[in-house]
Amino acid sequence: MTLRALLIALALSLVGIVWIHQASLMQSPWNLYAFVYLLSVPPVPAVAFLFLLAVGAALWRRVRLRPFTSRELALIYIILVLAIPPTTFGIIEMMLPWPNVAVYFGTPQNGLIEVAQQYFPKWMLPQNEEIVRTMFEGADDGRVPWRFWVMPLLGWTALSGLIFFGSMCLVTMFHRQWSDHEHLRYPLLLLPLSVTDDRSSHSEVRGVFRNPLTWLAFALVFIHHSMNVAHLYNPAIMALMDRYRVGQVFTERPWTAFSGLVFMHRPQMIGFSYFVSVDVLFSGWFFFLIQSAIRMVADILGYQGAPGFPFDPQQGAGAYTMAFFILIWVGREHLGKVIRGALGQHADTDRGDFMSPALMLGGALACFGLLVWWCGHMGMSLVLAGLFFFMIIAWAVVYARIRAEAGVASMWAFPFIQHVETLLAAFGTRGLIRGSDATNLVMLNMFGWLSHGYFPSLTGTVAENNKLAQETDLPRRVVPWVMVLAFLVGMGGGYAATLTSYYREGANVLHGGGAGGAYTFSSALGRWNGVAAAIRAPGGPNLAQMGGAKMSGIPGFVATSNNGCMALCATGPGRGRCWFLAVCSDKWQWYSGGAARFGDAEGDEIPCEVGT
């Protein structure tokens, strides 16, 4: 690792931030995905820069400069994949507008002004309505009023940094378990390894630059991206786009259960899938189709499920929660050594670790504790804050494990928005309002951008960076601090690029925005409108989401066990026994053991004894 590589990595990070930010600005109206694939894992600019540095070795020799070594290329890649993503609408472009939307769009009629004035902490947004207005509409001089933004940016960076560092410490605790004991493949690393180390022990990546298929694939992806980007500048140019709605052909029942199917033709995903095992690829689409098949079978049998049946996101939320505890159980021996080492007892954990046992354990606990304490200082219930940030960090670790084993090349491969929705369904908005104090409800939704964006998925990048550093023999105790530096550079560069564009052009017209703003604004506005409505008319827990579905007056719930089978438990209209319909599934849904009580069509409660 050299200073040259570090400086070039930081310079390329800034170029990549501008690149990906410009791609985000050029989205078509209400198209959530920029056509250079802001969602790609790894980021497109990081891969492009890595390839250019590797194939430019001959040019470096021509100008009498030493080509980059495999360790230098690995370091550059590690920085790029963490510094570039924060700029996009999954993090900063979601975070900055989130509280400000309530001020800008707030009126006495919708109640948002009252919510913002009464409940929003002052550090979260500029304390000047004119500053907020010009952010959305553009400033006359196009300048960013930085002095009004210092406190909000420092506050959000501190909070984001606690989540990032705490997740990094926790996932690093699992590194040796996953890498050395379970020998996970880390499929998404095979591409950078093919570039950084042509003599890698991985046979799949040897001689990648000498393979004609590599350059054919590169040409196809380049043409595909170029036509889509050119189409945004000139609609007369034909665009291949990236999806086709297969479900539009299913217009009659019961086939309407498949009406939401979308075929994504993303060439880079096809390329990454080459490194993924066949059984994982098969499971991916098979179990995705199973969800629609369940809806169709229920329709055929005459059951009318509650909205959202069979509750795919809720299944995912339960699956990720259970999977986290399973990861702890499977790795209990190694984690026990880390804990004993952190407590000063003799344990062989220091060798080969990226952090000392004390830093890994202490960092994870300290960051989690500070997050909960900070929320408590803002008036939020400590229990509610603890549950929310537990899900944020725990699900991030599960996501990292999925990336390490299956190589899922997606930022959103976790239960989307379910961190907030799960708690809302469990407590109900009524349970989050204490008397006339709605602080819990407001603060829970204030952090909703973490569920909408892909901040938790950066943990998967950290896990892969640890493995890449191990493969290329980078100084292990330096790598974590390099990743922290990359994260801070990404946040700082993202702030500068985003706010500069907002005050120069006006946030309302960017990112494909229209009368209601872009997706980041519309999702925040929908969230705050829901909060204002809940304060006026709070509701109770959502048993349908938490427990399953009501089907034609037949109460039931979907539960899954840790053997990967999904069971539908339901009762008849009387006080009968439960029956089970087992369906293969790769998810664990939230399960309430013992006895459960559900209401029938007339509102009476029916006991349901739950078996195993």
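Count residues from 1 along the sequence.
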Begin with the C-alpha distance, continue with both residues' side-chain angles, and end with the deciding distance and a verdict on ring-ring contact (aromatic ring centres under 6.0 Å, His included) for Y399 and Y320. CA-CA 8 Å; Y399 170 89; Y320 267 62; 7.8 Å; no
Let's go through H452 and F416 carefully: what are the C-alpha distance in whole Å and the side-chain angles of both, what is the deciding distance for side-chain contact (heavy atoms from CB on, under 4.5 Å) to 0.1 Å, and is it a yes or a no? CA-CA 6 Å; H452 281 266; F416 186 64; 4.1 Å; yes
Do Q418 and S451 pass the side chain to side chain donor-acceptor pair (under 3.5 Å) test, and can you show the C-alpha distance, the side-chain angles, and the key distance before you say yes or no? CA-CA 7 Å; Q418 291 306 305; S451 296; over 6 Å; no
Show your working on side-chain contact (heavy atoms from CB on, under 4.5 Å) between F288 and I290 and close with a plain yes or no. CA-CA 5 Å; F288 175 75; I290 278 290; over 6 Å; no
I would like to know whether V398 and F414 meet side-chain contact (heavy atoms from CB on, under 4.5 Å); could you show each step before the answer? CA-CA 9 Å; V398 176; F414 60 86; over 6 Å; no
Show your reasoning for whether side-chain contact (heavy atoms from CB on, under 4.5 Å) applies to V420 and F447. CA-CA 8 Å; V420 174; F447 299 124; 6.0 Å; no
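The heavy-atom pair separating L444 from L424 by the smallest distance is CD2-CD2, 4.0 Å. For the residue pair T321 and A317, the shortest heavy atom distance occurs at OG1-O, 2.9 Å. Contact record, F174 with I328: CZ-CG1, 4.2 Å, taken as the closest heavy-atom pair. When all heavy atoms of N440 and L432 are compared, the closest pair comes out as CB-O, 3.2 Å. Contact record, V442 with F120: CG1-CE1, 3.8 Å, taken as the closest heavy-atom pair. Nearest heavy atoms, F354 versus N466: CZ-O, 2.9 Å.
Residues satisfying the side-chain hydrogen bond (donor to acceptor under 3.5 Å, both in side chains) criterion with T459, sequence neighbours excluded, are absent altogether. Remark: R401 engages E182, E405 in a salt bridge (Lys or Arg N to Asp or Glu O under 4.0 Å) (not counting sequence neighbours). With sequence neighbours left out, the ring-ring contact (aromatic ring centres under 6.0 Å, His included) criterion links W329 to no other residue. Every residue meeting the side-chain hydrogen bond (donor to acceptor under 3.5 Å, both in side chains) condition with Q248, not counting sequence neighbours, appears here in chain and number order: Y244.
R403 and T461 are linked by a side-chain donor-acceptor pair at a separation below 3.5 angstrom, with hydrogens and angles left out of the test. Between the side chains of H181 and E333, no donor N or O sits under 3.5 Å from an acceptor N or O.
At distances below 3.5 Å, not a single donor-acceptor pair connects side-chain atoms of S167 with backbone N or O atoms of I393. Under a 3.5 Å cut-off, the side chain of Y119 and the backbone N or O of M443 do not form any donor-acceptor pair. Using modelled atom types, no side-chain atom of D437 and backbone atom of I433 make a donor-acceptor pair closer than 3.5 Å. Between the side chain of S457 and the backbone N or O of M411 there is at least one donor-acceptor pair closer than 3.5 Å. In terms of modelled atom types and a separation under 3.5 Å, the side chain of W395 and the main chain of P415 share no donor-acceptor contact.
The OG1 atom of T439 lies 6.0 Å from the CZ atom of R434; values are rounded to the nearest 0.5 Å. Between L96 atom CG and W156 atom CH2 the span is 9.5 Å, to the nearest 0.5 Å. The distance from the CG atom of L335 to the CG atom of L327 is 9.5 Å, given to the nearest 0.5 Å. Here the CG-OG distance, from N529 to S522, works out to 11.0 Å after rounding to the nearest 0.5 Å. Of the inter-residue distances, the one linking L441 atom CG with L423 atom CG reads 11.5 Å to the nearest 0.5 angstrom. Of the inter-residue distances, the one linking I92 atom CD1 with W449 atom CH2 reads 8.5 Å to the nearest 0.5 angstrom.
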Under 3.5 Å donor-acceptor pairs involving side-chain atoms of residues 357-380, not counting sequence neighbours:
none

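Looking at L289 and L261, their side chains come closer than 4.5 Å, going by heavy atoms from C-beta outward. Looking at heavy atoms from C-beta onward, L450 lies in side-chain contact with F455 at the 4.5 angstrom threshold. Considering only heavy atoms from C-beta on, M168 comes within 4.5 Å of T172 through its side chain. Contact of the E464 side chain with the L188 side chain is registered, since non-hydrogen atoms from C-beta on lie closer than 4.5 Å. In this structure, the side chains of L525 and L112 come closer than 4.5 Å at one or more pairs of heavy atoms. Side-chain contact between L159 and F164 is absent, with no heavy atoms from C-beta onward closer than 4.5 Å. By the 4.5 Å heavy-atom criterion applied to side chains, L162 and F389 are not counted as neighbours.
Each salt bridge (charged side-chain N to carboxylate O under 4.0 Å, His left out) pair with one or both residues in residues 526-536, not counting sequence neighbours, appears once here: E421-R527.
Between F165 and F487, the distance from one ring center to the other does not fall under 6.0 angstrom.
A perpendicular orientation is assigned to the rings of H419 and F388, their planes being inclined by more than 60° (bins at 30° and 60°).
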